[in-house]
Structures are given as C-alpha cells and as structure tokens.
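Inspection log for the structure reproduced underneath, given as structure tokens.
Just the heavy atoms: all of them, side chains too, but no hydrogens, waters or symmetry mates, feed the values below. Just so it is clear, the structure is predicted and the values come from calculations on it, not from any experiment.
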Amino acid sequence: MLTQERQKLIENYVNQYELCHVSDLCKMTATSESTIRRDLIQMEHEGRIKRVHGGAQSINNFAHDVSQHIRFTMNHEQKISIAHYAVTHYVHEGDYIFLDAGTTAYEMVPFLAEVGQITLITNGLETALSALTHNIKTILLGGRIKDDTHAVVGQAALEQLENMNFAASFIGTNGIDHAGGLTTPDPDEANIKKRAQLRSDCTYVLADSSKIGERSFAIFGNVKDVIVITNVLQAQQKGLLPTKINLREAN
C-alpha cells in the first residue's frame with residue numbers, strides 16, 4: 001500500500017471515530033506500529049489529524065461519540081489515576097453516588113469496592129455490570145441505550161434522576177474549553193449529566209489531559225460549578241483552562 005493511500009485511510013478512520021488507537025490503525029492497514037507512528041507525525045504536521053497518547057484524534061471541532069472499544073483503551077493509565085484519586089478523596093461509607101457512562105467513572109468501580117455500604121446509581125451498562133461483579137449495591141437507570149457509548153438516556157432516565165439525591169456525582173466530559181464550558185457530543189447524554197448535577201451535593205468532573213482545551217457540541221455545565229479532577233498537567237495545558245477553576249491533579 002502506498003503511503004498516500006494508507007494515510008488517506010487513516011484520516012478517514014480517525015474522522016469517522018474521533019479517536020483511534022495505534023493498534024487499530026496497524027490492523028486496518030496491515031502496517032507496523034513504527035510506520036503508523038511516522039504517518040501520524042507527518043499527518044499532524046500537515047494539519048490532518050491531532051496526535052494523542054497512544055493514537056490519533058480528529059481535528060473536527062464537533063466530533064461524534066467514540067465507540068466503546070476505543071474509549072476504554074485511550075489514556076488508560078491516566079484514567080485509573082483519576083479514578084483512584086476520586087474515590088479515596090471524595091467517596092465515604094454509606095454514600096449514594098452517581099456515576100455516568102464515562103470510561104473514567106467506570107475505572108472507579110474496583111476502588112469503590114473497598115468503600116463500605118455505598119449505593120451506586122449509573123446510566124452506564126458496563127459500569128453497572130462491573131459494580132455487580134464487585135458486590136456493590138447498584139441501580140441502573142432505565143431508558144434508551146445508545147449503541148456507541150452504551151449509555152442509558154431519555155425521558156425515563158431523567159424522571160428517575162428527578163426522584164433521587166446523591167452525596168456526589170462523578171461525570172465525564174469530552175472537552176473543557178478556555179471559558180470553562182463542559183461539553184459532550186450528544187444532547188441526550190448532556191441532559192443526564194445536567195440532571196445528575198442538580199440532584200447532587202457536589203459534582204466532580206473526571207477529565208484526563210486529552211480533554212483540556214477541547215470543545216464538543218452539547219454544553220452541560222461550567223467548571224465554576226464543579227470540581228475538576230485530572231492528571232498532572234503541564235504549564236501549557238493549564239494555560240488552556242480558565243484562571244478560576246477548582247482543579248485537582250491526580251498523581
């Protein structure tokens with residue numbers, strides 16, 4: 001396969017799925033990892049994609065939701081660090097907490113198993129199943145299930161949330177822009193995040209460094225109303241955030 005042809009395939013794949021892992025591109029093009037990495041460097045230089053840790057991201061401003069098998073592999077170590085920090089600092093015995101369908105919230109489950117007598121409410125299928133295997137009392141919201149993120153959304157789920165109160169909610173975001181806007185591609189998921197915040201004593205937004213300075217379609221909040229938990233940021237990344245932000249960095 002010619003370089004130009006291979007790079008066009010890569011560009012189309014990245015634009016279709018927003019995020020992709022190097023290993024996925026290797027399989028798709030039957031090419032070595034070193035070749036794919038050289039392609040990504042060249043394509044980023046040409047302004048066709050954006051490189052991220054372990055893969056590539058679309059440069060489209062308003063990207064679509066990313067499929068689950070890709071979301072769970074991107075920035076995995078960062079997500080585990082953030083998840084551990086969130087549980088050890090902000091979850092207490094006997095709490096009722098909400099976790100959305102984000103992959104960082106999912107990584108909280110093994111650590112939550114070490115906290116006694118909590119009740120977990122979620123709109124994430126994978127999160128609910130993992131919580132059950134860890135013997136955590138779990139409530140899965142009912143409603144329509146999205147086929148890409150496996151999130152439960154819709155009016156039925158919103159009505160259930162309206163009748164609940166949480167000590168804390170832990171929600172993911174696809175982007176935090178310079179004005180502090182919290183965004184996600186899908187308005188239905190944005191509505192779930194908004195409603196959970198309203199029913200929570202405190203809301204924690206879980207965002208690895210790849211979300212800093214990014215923006216998606218649907219706004220669900222602002223950093224002035226939440227605590228943002230991320231990994232250790234570089235000075236340049238912090239410069240993309242609002243000056244007034246309640247930020248916690250997980251080591």
Side-chain angles (χ1 to χ4, degrees), residues 18-19 62-68 70-72 74 79 82-83 86-87 90-91 95-109 112 118-132 136-177 180-208 211 214-230:
E18 184 194 4
L19 284 172
F62 302 117
H64 299 288
D65 272 322
V66 188
S67 60
Q68 284 295 78
I70 295 175
R71 296 196 316 144
F72 275 104
M74 300 302 295
K79 292 175 180 179
I82 293 168
V87 173
Y90 300 117
V91 181
D95 280 352
Y96 286 74
I97 63 172
F98 176 82
L99 270 61
D100 77 351
T103 52
T104 307
Y106 169 87
E107 299 294 349
M108 291 175 62
V109 173
L112 289 171
I118 68 163
T119 301
L120 188 159
I121 298 88
T122 184
N123 70 321
L125 282 182
E126 278 87 357
T127 299
L129 291 171
S130 179
L132 286 175
I136 298 172
K137 184 179 179 181
T138 304
I139 298 172
L140 175 64
L141 298 180
R144 178 173 63 85
I145 303 171
K146 293 181 60 182
D147 60 0
D148 46 13
T149 62
H150 298 170
V152 177
V153 296
Q155 189 60 34
L158 292 172
E159 290 176 359
Q160 291 169 75
L161 285 172
E162 191 61 33
N163 294 307
M164 299 176 179
N165 292 309
F166 310 117
S169 61
F170 299 87
I171 58 180
T173 183
N174 289 68
I176 305 176
D177 62 30
L182 302 167
T183 55
T184 190
D186 180 37
D188 286 335
E189 289 203 48
N191 288 334
I192 294 290
K193 295 172 191 286
K194 288 178 185 177
R195 187 64 56 88
Q197 289 180 71
L198 291 174
R199 308 308 304 175
S200 301
D201 293 339
C202 191
T203 297
Y204 303 90
V205 170
L206 313 175
D208 65 71
K211 310 302 193 303
E214 298 298 319
R215 183 181 62 162
S216 195
F217 175 67
I219 300 171
F220 66 85
N222 192 280
V223 296
K224 63 182 176 63
D225 301 314
V226 303
I227 294 174
V228 176
I229 306 176
T230 185

> Where do Lys193 and Thr184 land on the side chain to side chain donor-acceptor pair (under 3.5 Å) test, with the steps shown first?
Replying inline: CA-CA 10 Å; Lys193 295 172 191 286; Thr184 190; 4.8 Å; no
Calculate, to the nearest 0.5 Å, the distance between atoms [atom1] and [atom2] belonging to [X] and [Y] respectively.
{"X": "Ile227", "Y": "Tyr90", "atom1": "CD1", "atom2": "OH", "value": "5.0 Å"}
{"X": "Ile82", "Y": "Phe170", "atom1": "CD1", "atom2": "CZ", "value": "13.0 Å"}
{"X": "Asn123", "Y": "Ile121", "atom1": "CG", "atom2": "CD1", "value": "11.5 Å"}
{"X": "Ile171", "Y": "Ile192", "atom1": "CD1", "atom2": "CD1", "value": "11.0 Å"}
{"X": "Thr122", "Y": "Ile97", "atom1": "OG1", "atom2": "CD1", "value": "9.5 Å"}
{"X": "Leu99", "Y": "Phe166", "atom1": "CG", "atom2": "CZ", "value": "10.0 Å"}

For a quick test of reading the model, state the closest non-hydrogen atom pair linking [X] to [Y] and the distance between them.
{"X": "Gln197", "Y": "Phe220", "result": "NE2-O, 3.0 Å"}
{"X": "Tyr106", "Y": "Glu126", "result": "CE1-O, 3.5 Å"}
{"X": "Leu161", "Y": "Arg195", "result": "CB-CG, 3.6 Å"}
{"X": "Leu206", "Y": "Ala86", "result": "CD2-CB, 4.2 Å"}
{"X": "Ala101", "Y": "Gly124", "result": "CB-CA, 3.7 Å"}
{"X": "Val226", "Y": "Val205", "result": "CG2-CG2, 3.7 Å"}

>> As a quick check of understanding, evaluate side chain to side chain contact (heavy atoms under 4.5 Å, CB included) for Asp225 and Thr203, giving each step before the final call.
In response: CA-CA 8 Å; Asp225 301 314; Thr203 297; over 6 Å; no
>> List the residues meeting salt bridge (Lys or Arg N to Asp or Glu O under 4.0 Å) with Asp177, not counting sequence neighbours, and say none if there are none.
In response: none
[atom1] of [X]: more than 12 outside heavy atoms within 6.0 angstrom?
{"X": "Tyr96", "atom1": "OH", "result": "no"}
{"X": "Leu198", "atom1": "CG", "result": "yes"}
{"X": "Ile219", "atom1": "CD1", "result": "no"}

>> What verdict does the side chain to side chain contact (heavy atoms under 4.5 Å, CB included) test give for Val153 and Asn191, after you've listed the backbone C-alpha separation in whole Å, the side-chain angles of each residue and the deciding distance to 0.1 Å?
In response: CA-CA 8 Å; Val153 296; Asn191 288 334; over 6 Å; no
Donor-acceptor pair, distance only, cut-off 3.5 Å: does the side chain of [X] make one with the backbone of [Y]?
{"X": "Glu162", "Y": "Leu158", "answer": "no"}
{"X": "Arg199", "Y": "Met164", "answer": "yes"}
{"X": "Asp100", "Y": "Gly172", "answer": "yes"}

>> I'd like to know if Lys146 and Asp188 make a salt bridge, using a cut-off of under 4.0 Å between side-chain N and carboxylate O.
In response: no
> Any side-chain heavy-atom pair from Thr127 and Leu120 closer than 4.5 angstrom?
Replying inline: yes
> Given Thr230 and Ile176, is the side chain to side chain contact (heavy atoms under 4.5 Å, CB included) satisfied, shown in steps?
Replying inline: CA-CA 11 Å; Thr230 185; Ile176 305 176; over 6 Å; no
